[in-house]
Number of protein chains: 2
Amino acid sequence: MRIGELARRGGTTTRALRYYESLGLLTARRTANGQREYDEHDLRLVAEIRSLTGIGFALEDTRPFVECLRDGHTSGDACPASVAVYRRKLAELDECIARLEGARERVRAQLDQAEQRSRPCRR
Amino acid sequence: MRIGELARRGGTTTRALRYYESLGLLTARRTANGQREYDEHDLRLVAEIRSLTGIGFALEDTRPFVECLRDGHTSGDACPASVAVYRRKLAELDECIARLEGARERVRAQLDQAEQRSRPCRR
DNA sequence: CTCCGCCTTGACGCCCACGTCAAGTCCAGT
DNA sequence: ACTGGACTTGACGTGGGCGTCAAGGCGGAG
């Protein structure tokens, strides 16, 4: 399978796939005329990458998962490095959510205050 | 007061202040030799901008507040446009938080699953 | 005079995950 | 032979909020 088909089947674009390759996340054999040649295993890698970035992972964060799959594991998160990324991401998400909730509260307080000032008659 | 002092007192940098000016958020009189000259009212504007961006507002979102202050209101959120931004931001925050919580749940589920696979003996 | 610190404008760099364009190669179909 | 589609590499653009450097001006202290 060539890059176009992999992109379609992986739900992404050829540009993204070449970018992943430039990061070393994906590698490709070449045909005689220089075109990239992929197989089902590569599709699995792409699926893993897309799945993780879909959750909000940075591309670099998908690296352990990809390497884990390349090491022959059937699941990208079968390796400790991947699990560590899960934990780190979880902590990041918790912190980010807390920050946003704090911001939300501040905005709400400001909004309430502003509305009270603009409509003092309603008590 | 010149730009350096305004930056110090406003808790930011001269670069940022010039940037705000390039966006039209801040304006400055000039002294005879071309230097920017500010007063306490400008400091108030900077404080408003920093306060809002500190919560997570984009600079463009602070514009109504700044204009509101420039219109003579004692509070940047005394104008309907500012309140509208509050509402919009609140909705954005809610959506963002919901997204992150969804992501968090997915990561947690993945993590739990991965841990269960790696330590099946603990049941 | 020199030096220091503050100021000026202009312009490029950064981060990230690609989009988009350019210019060319290669192959299959008609 | 020609056309269309898929492929190649290279390089610049995007967005946001500035950081950082370049190259120079201006005023006061010593």
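All chains are named by letter (A, B, ...) in the order of the sequence lines, taking the proteins before the strands, and each is independently numbered beginning at 1.
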Q.
Does A:R88 have more than 12 heavy atoms from other residues, nucleotides or ligands lying within 6.0 Å of its CZ?
A. yes
(Q) Can you measure B:L26 atom CG to D:dG17 atom C1' for me and round it to whole angstrom units? (A)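 Nearest whole value for this atom pair: 15 Å.
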Q. Can you list the residues that meet the salt bridge (Lys or Arg N to Asp or Glu O under 4.0 Å) rule with A:R18, with sequence neighbours excluded?
A.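 None.
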Q) With A:I49, which of A:L17, A:L69, A:L59, A:L23 fulfils side-chain contact (heavy atoms from CB on, under 4.5 Å)? A)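 So the option named by the test is A:L59.
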Q.
So, does A:T14 get its side chain near the phosphate of D:dC7, meaning an N or O under 4.0 Å from OP1 or OP2?
A. no
Q: List the steps and the verdict of side chain to side chain donor-acceptor pair (under 3.5 Å) for A:R9 and A:Y38.
A: CA-CA 12 Å; A:R9 293 223 274 157; A:Y38 300 98; over 6 Å; no
Q.
Please give me the minimum heavy-atom distance between A:C68 and A:S75, naming the atom from each residue.
A. SG-O, 3.6 Å
Q: Starting at atom CG of A:L17, determine the distance to atom P of C:dT20, rounded to an integer number of angstrom.
A: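 To the nearest whole Å, that distance equals 16 Å.
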Q.
Using the side-chain heavy atoms of B:R18, tell me which of these nucleotides is nearest: C:dC18, D:dC18, C:dT9.
A. C:dT9
Q. So what does B:R36 hit on the nucleic acid, given a heavy-atom distance under 4.0 Å: a base, only sugar-phosphate, or nothing?
A.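 The residue B:R36 makes sugar-phosphate contact but no base contact.
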**Q.** Charged N-O contact under 4.0 Å between A:R87 and B:E115
**A.** yes
(Q) At less than 4.0 Å, is any side-chain N or O atom of A:R30 found next to OP1 or OP2 of C:dC26? Yes or no. (A) no
Nucleotide N/O to protein N/O under 3.5 Å, stretch nucleotides 12-15 of chain D:
none

Q: Rounded to the nearest angstrom, tell me the gap between atom CG in A:L6 and atom C1' in D:dC7.
A: 14 Å
Q: Check whether any side-chain nitrogen or oxygen of B:T13 sits under 4.0 Å from OP1 or OP2 of D:dC18, and answer yes or no.
A: no
Q | Flag, side chain of B:D71 to backbone of B:H73, donor-acceptor distance under 3.5 Å | A | no
Q: To the nearest Å, give me how far apart CG (A:L25) and C1' (C:dC18) are.
A: 13 Å
Q | Sugar-phosphate, base or nothing in reach of B:R8, heavy atoms under 4.0 Å | A | nothing
Q) If each of A:N33 and A:A16 is mapped to the nucleotide of DNA chain C with the nearest heavy atom, which maps nearer the 5' terminus, i.e. the 5' end? A) A:A16
Q | Nucleotide of C:dC26, C:dA17, C:dT9 approaching A:Y19 most closely (side-chain heavy atoms) | A | C:dA17
(Q) Please determine whether salt bridge (Lys or Arg N to Asp or Glu O under 4.0 Å) holds for the pair B:E5 and B:R8, giving the CA-CA distance in whole Å, both sets of side-chain angles, and the decisive distance to 0.1 Å. (A) CA-CA 5 Å; B:E5 188 181 344; B:R8 263 193 316 279; 5.2 Å; no
**Q.** Donor-acceptor pair, side chain of A:T31 and main chain of A:Q35, under 3.5 angstrom
**A.** yes
Q) Is there a residue in residues 55-64 of chain A whose heavy atoms reach under 4.0 Å of DNA chain C, and which residues are they? A)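 The stretch gives A:A58, A:L59 as the residues lying under 4.0 Å from the strand, ordered by number.
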Q | Separation of B:Q110 CD from A:L90 CG (nearest 0.5 Å) | A | 11.5 Å
(Q) From CD of B:Q35 over to P of C:dT9, roughly how many Å is that when rounded to an integer? (A)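 Taking atom P of C:dT9 as the reference, CD of B:Q35 is at 10 Å.
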(Q) Ignoring hydrogens, what is the shortest heavy-atom contact between B:D42 and B:L26? Give both atom names and the distance. (A) O-CD1, 4.3 Å
Q.
Show the nearest heavy-atom pair for residues B:G24 and B:R70, with the distance to one decimal.
A.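 Closest approach of B:G24 to B:R70, heavy atoms only: O-NH2, 3.3 Å.
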Q.
For DNA chain C, which residues of residues 85-107 of chain B approach it to below 4.0 angstrom with any heavy atom?
A. none
Q.
Students often get this wrong, so: under 4.0 angstrom with heavy atoms, is B:T53 touching a base, only sugar-phosphate, or nothing?
A. nothing
Q: Provide the closest heavy-atom pair for A:R50 versus A:G10 in the form atom of the first, atom of the second, distance.
A: CG-O, 3.7 Å
(Q) With a sphere of 6.0 Å drawn around CD of A:E60, does it hold more than 12 non-hydrogen atoms of other residues, nucleotides or ligands? (A)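 Yes, enclosed.
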Q: For the side chain of B:R2, starting at C-beta, report the closest nucleotide among C:dC7, C:dT8, C:dG19.
A: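 Of all the options, the side chain of B:R2 is nearest to C:dC7.
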Q) Once you round it to whole Å, what is the distance between P of C:dC27 and CD of A:E37? A) 14 Å
Q: Could you tell me the separation between the CZ atom of A:R29 and the P atom of D:dT8, rounded to a whole number of Å?
A: 13 Å
Q: Describe, as an angle rounded to 10 degrees, how the axis at the first end of the helix from C:dC1-D:dG30 to C:dT30-D:dA1 is tilted relative to the axis at the last end, five pairs per end.
A: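 The angle separating the two end axes equals 40°.
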Q. Can you list the residues that meet the side chain to side chain donor-acceptor pair (under 3.5 Å) rule with B:T74, with sequence neighbours excluded?
A.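 Counting only residues at least two positions away or on another chain, B:T74 forms no side chain to side chain donor-acceptor pair (under 3.5 Å).
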